[in-house]
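Every chain is numbered from 1, with letters handed out A, B, ... down the list of sequences. We use all heavy atoms of the structure for the numbers below, so side chains are in, but hydrogens, waters and symmetry mates are not. The structure displayed is predicted, hence computed values, not measured ones.
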There are 2 protein chains.
Amino acid sequence: MSLNLEDIAKLAGVSRSTVSRVINDRSDVSESTRKKVMRIIDEHNFRPNLAARTLVTQRSKVIGTLLPQSPTALSSLYFPNLLEGIGDTTHQRDYATLLWWGQSGEEEQRFTKRILQKNQLMEGLIIAAHTLDNSLIQRIFETKIPFVMVERPAIFNDQINYVTVDKVAGAKTPVEHLINLGRRRIGHITGILVNVDGMDRLTGYRNALERHNLPMDPDLIVEGHFNQKFGYLGMKQLLKQGVDAVFAGNDDSAVGALQALREARVRIPADVALVGFDDVTSALDFAPQLTTIHQPIRQKGALATALLLDLIEGKVKSPQHILLPTHLVIRQSCGA
Amino acid sequence: MSLNLEDIAKLAGVSRSTVSRVINDRSDVSESTRKKVMRIIDEHNFRPNLAARTLVTQRSKVIGTLLPQSPTALSSLYFPNLLEGIGDTTHQRDYATLLWWGQSGEEEQRFTKRILQKNQLMEGLIIAAHTLDNSLIQRIFETKIPFVMVERPAIFNDQINYVTVDKVAGAKTPVEHLINLGRRRIGHITGILVNVDGMDRLTGYRNALERHNLPMDPDLIVEGHFNQKFGYLGMKQLLKQGVDAVFAGNDDSAVGALQALREARVRIPADVALVGFDDVTSALDFAPQLTTIHQPIRQKGALATALLLDLIEGKVKSPQHILLPTHLVIRQSCGA
DNA sequence: AAATTAATCGGGAACGCTCCCGAAAATATT
DNA sequence: AATATTTTCGGGAGCGTTCCCGATTAATTT
């Protein structure tokens, strides 16, 4: 039904090979025939069959992106920002992205199976699924398909490509900032603690307290889920314990906490100071503006993808580790 | 480097065809040889080359999903929910999804070109890009690739497959609800007015006022962007005009409005009642809970995808229109 | 003008699969 | 026991490209 190279060749009065050369922008074809062929191609809106091309070149120009179970994942601006970064690079380098996000309730087994089944199509993987458990990383690792993790994995640290930000330092900075402002009872609403990301932030919190010889009260640490709801609930709990400052695991948690504070008619930052993490505040720029740690999420996505494509194209070799810096953004909620 | 059918066949002592039969789960192969072949396949972790299969079958089991420019698009829970629905169906029917989200600043021309270039790979398209302009719809339409729009397009209404919800009625209901509760100066923070979706909600608002013989004060209509920021700014503006109720174009706008109301120490719902639209409140379940119009977003994604796959598989034929119902969810913010 | 080199092009082979058709083997029927 | 039928399997052809190699033509050099 649709045309192929041979058809175009016939119409243009040249050979299949010549048409192929034109399409692939080869140099060994005269300007006149190139024009002639081009005209026919445009006229018929011809597009080469990608399956055939992939079959012979072994290149698909398609990568895959793995995201965590959607409800948790996509409720924050973090992933949209990351996707933007991934898009920056794929767009620029003319790749397309197969998106995989685990179905809620789907067993991870089936999830990987689905992915692996299509693995011939994808030349590499961006893995931003922090909830993915280690055995899956292992299985993907075994397939030898190139992949880059966004955020450091819990295992294989040194054998695996990843890009991350310095979170331990990142999480220490905001807490130290609060301490320097005279706060003494600083609560922490954690992230998801089964992943490295959440743990790192907690570690940073602990380090800061320790360093300043402040007591570590376990009641001041409540477990969150990187989302508004648990930020809200966590803050309510912390209010009962009495705090004069809170470090939220991410900005979403902080926004939830903000709601709880307002509801309790607690003044921010006078009574309780608040800092977040991520700086995904584009949608949140209303008062009081959130003091937070900025991490270059979009850039993280872009660099991870660039690394992956370089790996695929053989420009660099595994393993590569990229560490991006973070910095404190002082706004109103911390009282500085 | 990697094995092919012939290799497996040799190892199993059968023919290429037989291996193919086993892989495709055909019936005309004896149980014993099936087992034998299966063992070899598992042992070597063999996966058939998808490009080759696609080349001959003309089927890729891959669809594409078009999302609007990411910053606007992905900042709301709407799209994540939609993606979940799409995932429900693709997962269940064993398809994969190529995701396209316009790069900010990318001209639409280039965007479609990128998509069309890979169109051989995709058997169909889900178009949920409300910002996409009509000429692109036209071009995609011309390629004859099956596609389903989420939300009714501005043109080609009757020739195009789409799934949508009854928004005019949907938007009338909340406003009528507010009127019935005795509110008289009802403001509206609109959605994006260049798309049908935003317009429909505005129309619903107008219809309700008209029907109840309430004056239509243009000052009570402020343009929003379906996001928190513009909800916040819009609400500030409406407060100057004096309102006793507000219908926000979507829940994100409503949350922004909530912030503005709190900041101004306006009581909700005593002084100003508030209703939203979408019911993407999973992350927003803190006080005061938002009265809103529920629309089955996830189901919308799932049905759109199911329709697309049916179209692809020839089970139904174009054009198909699916209209889903909405309903008012009464919580605290409206004062009922 | 002849010989050499460079530019341009055509056709065969291969990529790894599915599908068709016919052959062989196993089973059922007379 | 011979024939007919069914089950099971093998091999050839073809999907639409790219790549290699060799041939033809054009341009350059001697």
Examine [N]: is either OP1 or OP2 under 4.0 Å from a nitrogen or oxygen in the side chain of [X]? Give yes or no.
X     : N      : value
A:S27 : C:dA7  : no
A:T33 : C:dC9  : yes
B:N49 : C:dG16 : no

In chain order, what residues pass the side chain to side chain contact (heavy atoms under 4.5 Å, CB included) check against B:V56, with sequence neighbours excluded?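 With neighbours one apart ignored, the set is empty.
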Residue-level proximity of residues 15-26 of chain A to DNA chain D when a heavy atom falls under 4.0 Å: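 Close to the strand are A:R16, A:S17, A:S20, A:N24, A:R26.
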Rounded to whole Å, please give me the gap between [atom1] in [X] and [atom2] in [N].
X     : N      : atom1 : atom2 : answer
A:K10 : C:dG11 : NZ    : P     : 11 Å
B:N4  : C:dA14 : CG    : C1'   : 12 Å
B:D28 : C:dC19 : CG    : C1'   : 11 Å
A:L55 : C:dT18 : CG    : P     : 12 Å
B:I8  : D:dC9  : CD1   : C1'   : 18 Å

What nucleotide among D:dT18, C:dC9, C:dC17 has an atom nearest to a side-chain atom of B:L5?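 For B:L5, the side-chain atoms sit closest to C:dC17.
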Quick one: which of D:dG16, C:dG16, C:dT18 gets closest to the side chain of B:A52?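 Shortest atom-to-atom distance from the side chain points to C:dG16.
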Note down the inter-axis angle between the two ends of the helix from C:dA1-D:dT30 to C:dT30-D:dA1, five pairs each, to the nearest 10°.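 End-to-end axis angle for the helix from C:dA1-D:dT30 to C:dT30-D:dA1: 40°, rounded to 10°.
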Would you say A:R59 and A:I312 make side-chain contact, with heavy atoms under 4.5 Å?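 Yes, close enough: below the 4.5 Å cut-off.
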Can you say whether the rings of B:F147 and B:F141 are parallel (under 30°), tilted (30 to 60°) or perpendicular (over 60°)?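 Answer is perpendicular, since the angle exceeds 60°.
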